[in-house]
Participant: 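Got a structure for you, questions after.
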Amino acid sequence: MSKQRHEVRDAIHGFIIFDPLEKKLMDSQPMQRLRCIHQLAMTYQVYPGATHKRFEHSLGVMEFAGRIFDQLFNERERLPDDVHGRIADEMRPESRAYWRRVVRIGGLLHDLGHLPFSHAAEKELLPEGWNHERLTAEMIRHSEIADILRSERPPVDPEDVVDVAWDAEKRAKEAGDGKTLSPWRNVLNEIICGNTFGGDRIDYLLRDSLHAGVAYGRFDPDRLISGLTALVDPEDDEIAIGLLSGAIHSAEALLLARYFMYTQVYFHDVRRVYDLHLKEFLRSSLPGGQFPCDWRELMAHTDHEVLSCARAACADPNDKNHVLAQTLLARRHYRTVYELVSPDKKARPTILADLVEQATNEFGAERIRSDKYGPKSETNNFPVKTEVDTIESSLRVSGVIANLPPVEIGLVFAHPDISERATKWAKEQVTLLIHSATKGETDNGVQEARDDSGGH
Amino acid sequence: MEFKKHAMILAVIDGLKEHGSWTGKTHVQKTLSLLHDKGEIEVPFEFVLYRHGPYSFDVQAELEQMRSYTAIEIEVQGQGYGVVLRRGPMAIYADRMGELSPNEKQAIAKVCRFVGNKGVKDLEKLATASWIRRWEGKTDPQAVAKRLHELKPHIPEAAALLADNEIQGWLGVTA
């Protein structure tokens, strides 16, 4: 008789238990490919321990997704009557067991379509309209995964898995397939992809901080999950995932963890410049300068192939990509000469673009690179159930959540041979640019407006 | 930086406040969506149908951008849900850099009058009904109401029909 219960050790969860269907999916080629894709691209150039892969993260998301589902829907007593009334069909035992399975599988498969080095090169190296989420959906619908799901008894509909695994926000924003999820499917989608309580986020923060060796990403996932509750959100009268007020501090800790992980790890300046160099190398070395958007062809591309190609180019001075490969593998990356800070932007909103333009004129486009992200803050406005059973916005309940600053980076880099000179030059230019902006304000009244408002 | 977009958002915030609106992010989103559907002026934001009706990720990104250089500020108030948007010290900079034409100002004033102090649930209904008419090509009120209910099961068809009736007035639909 075949085993009905399997287990694997995991750095975050201890043991992860899984069933025969999940095992078949884990052993499939699309899942095994994730063993060869770094979770954090070349962050290991900065944090040497950050060499973990998408595979173990996917197992972790499956585990968290199942736990969140159980917390929300496994006990009738925990489910408010108004919520139960809306999802009575889904709460029938066989139906609930089906959806629990779909959610765990969605968590397991949600990253299948990642390109080599995860997010590092996604936007520029796929044709318009394609991203890893869409490729994931293609693999779930058309690869051996779909056969495995359909051959299960009772069968699992691949489209149900796609609906819960494809981040609804990104699907609406980028896919344009016009699909609007039902309130029930939206909640299931949130269990995996949600901004605050999604299993994806909970797992990657904990896992990335552990492997990078930084303390910023740690928080108490057990307290957070035990505080989750399904409710009807008064803002839109739809079922949603909310939090019991007693667990608000664990949500604050998660959001702060995310903020610090972004500023200290994900957007570390050297990590970002490695992303730029990686993109340049891939653009130059891939046929047509892009990855294929056919999932069958993509299966042949992992970090291993890219690194092998880069090592060969690095060792061969005659290779057309020799110099690009050196920036990646011989620590010849460009150096940071300016990092945007909030006071500079408030003094001159266009300072980054202005400085990049001037730096390019001064040193030449070949020796200057720039990068920017945001400003972006998450939608941290979620419903909180108070001790007297009223529902409030998290922004009212928590001053910490209401005042989390947006994440924004703006970076200018220079070739290592000119970095010292360029750093000195950039410092002088920034002073001049801010001075001219301040003078302009005095001339046209912006400064007076600031003073009147007691502003920044 | 696209100051024209910022100036337009600031004009909407000013106009909504003048009519007693709560002026949260949803109010600004739905007002711009209605302005977009009306088609009198070019509204430089893309909208998609999302969880609570038409939504623009562009608008959200620009709000973040504006907040980062204090063209707007956000405030959590004692009553109500979510944050209130208000002009920040650098709003005047955005106004000047992205100056609006008289036509644009007039169109924005008109949509703000229509939106007035409506709450987010009403705005969700109205903006979605408008979307269905404008972008899904439905013109029969029953069909619009049915589609609205299908998208938002918590909105009864009768309420959807009322919303569609009101939106016909806004879009200038003649029987």
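Given the structure is predicted, the values throughout are model-derived calculations rather than measurements. Residue numbers begin at 1 in each chain, while the letters A, B, ... track the order of the sequences.
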Participant: Which heavy atom of A:Pro406 sits nearest to which heavy atom of B:Glu64, and what is that distance?
Facilitator: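 Smallest heavy-atom distance, with atoms named: CB-OE1, 3.9 Å.
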
Participant: Atom CD in A:Glu408, atom OH in B:Tyr69: separation rounded to 0.5 Å?
Facilitator: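 Between atom CD of A:Glu408 and atom OH of B:Tyr69 there are 11.5 Å.
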
Participant: Counting neighbours of NZ on B:Lys4 that are heavy atoms of other residues, nucleotides or ligands and sit closer than 6.0 Å, is the number greater than 12?
Facilitator: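 Atom NZ in B:Lys4 is crowded, with more than 12 foreign heavy atoms closer than 6.0 Å.
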
Participant: Using non-hydrogen atoms only, which part of B:Ser56 is less than 4.5 Å away from chain A: side chain, backbone, both, or neither?
Facilitator: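 For B:Ser56, neither part sits under 4.5 Å from chain A.
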
Participant: To the closest 0.5 Å, what do you measure between CZ (A:Arg348) and CE (B:Met90)?
Facilitator: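 The distance works out to 10.5 Å.
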
Participant: Assess whether atom NZ of B:Lys146 is packed by more than 12 heavy atoms of other residues, nucleotides or ligands within 6.0 Å.
Facilitator: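 For B:Lys146, atom NZ is not crowded (no more than 12 foreign heavy atoms under 6.0 Å).
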
Participant: Which pair of heavy atoms, one from A:Ala402 and one from B:Ile74, lies closest together, and at what distance?
Facilitator: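 Of all heavy-atom pairs spanning A:Ala402 and B:Ile74, the closest is O-CD1, 4.5 Å.
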
Participant: Can you tell me how far apart OG1 (B:Thr70) and NZ (A:Lys345) are? Round to the nearest 0.5 Å.
Facilitator: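 If I round to the nearest 0.5 Å, the distance is 10.5 Å.
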
Participant: Of all heavy-atom pairs between B:Leu49 and A:Ala172, which one has the smallest distance, and what is that distance?
Facilitator: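 Heavy atoms of B:Leu49 and A:Ala172 come nearest at O-CB, 4.4 Å.
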
Participant: Can you check whether A:Ser342 reaches B:Ser68 side chain to side chain, under 4.5 Å on heavy atoms?
Facilitator: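 A:Ser342 vs B:Ser68: side chains apart.
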
Participant: Quick one: CG on B:Leu151 to CG on A:Leu181, what's the gap to the nearest 0.5 Å?
Facilitator: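 With rounding to 0.5 Å, CG (B:Leu151) is 11.5 Å from CG (A:Leu181).
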
Participant: Tell me, yes or no, whether the heavy-atom count around B:Glu99 atom CD, taken from other residues, nucleotides or ligands under 6.0 Å, exceeds 12.
Facilitator: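 Atom CD in B:Glu99 is not packed in, count stays at 12 or less.
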
Participant: Going from OG1 on A:Thr350 to CE on B:Met97, what distance comes out if it is rounded to the nearest 0.5 angstrom?
Facilitator: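 Atom-to-atom, A:Thr350:OG1 and B:Met97:CE are 6.5 Å apart.
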
Participant: With salt bridge (charged side-chain N to carboxylate O under 4.0 Å, His left out) as the rule and sequence neighbours excluded, what pairs involving residues 164-173 of chain B come up?
Facilitator: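 Those involving residues 164-173 of chain B are B:Lys118-B:Glu166, B:Arg133-B:Asp164.
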
Participant: Under a plain distance cut-off of 3.5 Å, with no hydrogens placed, do B:Gln60 and A:Lys173 share a side-chain donor-acceptor pair?
Facilitator: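 Absent: no donor and acceptor within the cut-off.
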
Participant: Taking 4.5 Å as the heavy-atom cut-off, does anything in residues 100-115 of chain B contact chain A, and if so which residues?
Facilitator: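 Those residues of residues 100-115 of chain B which would need a heavy atom under 4.5 Å from chain A do not exist here.
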
Participant: In terms of heavy-atom contacts, does CD of B:Glu42 have more than 12 from other residues, nucleotides or ligands at under 6.0 Å?
Facilitator: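 No.
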
Participant: Return the minimal non-hydrogen interatomic distance between B:Phe3 and A:Pro349, and the atom names on each side.
Facilitator: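 Heavy-atom minimum between the residues: CZ-CB, 4.3 Å.
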
Participant: From B:His154 NE2 over to A:Ile239 CD1, what is the distance, rounded to the nearest 0.5 angstrom?
Facilitator: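 The CD1 atom of A:Ile239 is 12.0 Å from NE2 of B:His154, to the nearest 0.5 Å.
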
Participant: Side chains of B:Arg67 and A:Pro375: does their closest heavy-atom pair fall under 4.5 Å?
Facilitator: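 Not in contact.
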
Participant: Considering residues, nucleotides and ligands other than B:Glu46, do more than 12 of their heavy atoms fall under 6.0 Å from its CD?
Facilitator: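 Not buried by this count: 12 neighbours or fewer within 6.0 Å.
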
Participant: Measure distances from B:Glu124 to the heavy atoms of chain A and classify the residue's part below 4.5 Å as side chain, backbone, both or neither.
Facilitator: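 Only the side chain of B:Glu124 comes within 4.5 Å of chain A.
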
